[in-house]
Amino acid sequence: MAEHGSIFEAMLQEFDGAARLLKLEPGIWKILTHPKRQIIVSCPVQMDNGDIEVFTGYRVQYNITLGPAKGGIRYHPDVSLDEVTALAAWMTWKCAVAHIPFGGAKGGIVCDPTRMSKRELEALTRRYVAEIIDAIGPEKDVPAPDVNTNDQIMAWVMDTYSMHVGHTSTAVVTGKPLELGGSLGRREATGRGVMIVTREAARHLGFDIKGAAIAIQGFGNVGSVSADLLARLGAKIVAVTDWKGGTYNAQGLDLGRLLDHAREHATVDGFPGGEPLTNEQLFALEVDVLIPAALENQITMDNAPAVRAKVVTEGANGPTTPDAHKLLHERGIFVIPDILANSGGVTTSYFEWVQDRYGYFWEEDEVNTRLEKKMCEAFDDVLQTSLKYKVDLRTSAYIVAISRVGTVTKMRGMYA
Ligand code: NAD
């Protein structure tokens, strides 16, 4: 999230701003700015050509004060300990804002999954899980999918863990296929959460979500589900971009046709129902809501002065750089921060874990109703805190998170 340098340092900057306002005790401050456990493993894998490669893997359990550590596993060539630690810290704050009984973790393997066969990916996943086996488990640390990992990889995580402990353990991982203990509603959960907080922001700011113009960067899981659910509330999705290009229609895009086009061509680019559009044009549109739902570091000092939306809902993790965020706030733009806006995913992962542990599965309506309640409560907690401290919503989300984790840290006391 930092424009240069360490991502963990950028996280600490955000943390420090909120901790100062909260007058956090120095001892608790120290504890909450250190990762509890950082694991580095080497994973040898025999590749399809017979060669042996050794991949570096990480698992960071940043904080487990509120419950088992929770966070995804990322497969990417740029994975580093600094990045994984920052992401594990953000998971800690996200779970605390969402008010679910989890700590924060993240894992990653330095690899390029686009150049690996399915068999190589399976071998790598199983060896990585075997290397961290003592540190994970339903009561300890519960992984999930992240960049370049999916439900098949979670199935291998679950199977490897189960083979080691000698019984089927579905609750060791979330984001699994439905057939092996996944939850209904999980696939749509992040986009559903984005829809709910955007709707609540419109209500708070006094504009009607029905007829509101919305622009979305990214048309993957988060972007496409957010678009669909907001359109069902009567909002007009006027612009969408993705890795290849974009499309704009001031009257509102026909989402059914756009989804078909994206499925067929693997991009929204070239959609016949709209005009071509670049990311830069998308960010500068005069819309009610802008939803970055693609990558980190998209709204920067280069394009933030051009943003004209009333609301920015951060569907992606870290889409706005710290300087750009400050500028948007000063310009009166209502930014719903990632640790609140995209917390619908981890909240429903919590529901998946609960269902696995019960061995009793809910109807989709029940999952969605519970998610609606949790997201509205989280939005309200962050909004009320921002009004009380007269700060932006990102700072207030940190205040909510730090005070929850800090209070429990103090109650539990020091063990030495
Ligand atoms: P995804 O891979 O399904 O979709 C990503 C989308 O971004 C694709 O449409 C892709 O074309 C687009 N994209 C890639 N590069 C782009 C570029 N340069 N310009 C414009 N668009 C570009 O991923 P996702 O699951 O939708 O995740 C999106 C973001 O949301 C990520 O930051 C992720 O960490 C975050 N997030 C996802 C979840 C979840 O449950 N899926 C939960 C929390 C946060």
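What's counted below: heavy atoms across the whole structure, side chains too, no hydrogens, waters or symmetry copies. Start at 1 and go down the list; that is how both ligands and their atoms are numbered. Just so you know, residue 1 is the first one in the sequence shown, and it goes up from there.
For ligand 1, the protein residues within 4.0 angstrom (heavy atoms only) are Arg186, Thr190, Gln217, Gly218, Phe219, Gly220, Asn221, Val222, Asp242, Trp243, Asn279, Ala293, Ala294, Leu295, Gly315, Ala316, Asn317, Asn342.
Ring orientation note: the planes of Phe15 and Tyr398 are nearly perpendicular, at an angle over 60° on the 30°/60° scale. Relative orientation of the His204 and Phe334 rings is tilted, given thresholds of 30° and 60° on the angle between their planes.
Residues forming a salt bridge (Lys or Arg N to Asp or Glu O under 4.0 Å) with Arg59 (at least two apart in sequence, or on another chain): Asp141.
For the residue pair Thr321 and Asp323, no side-chain donor N or O sits within less than 3.5 Å of a side-chain acceptor on the partner.
Within 6.0 Å of NZ on Lys326 lie no more than 12 heavy atoms contributed by other residues, nucleotides or ligands.
In this structure the side chain of Trp90 reaches within 4.5 angstrom of the side chain of Ile7, judged on heavy atoms.
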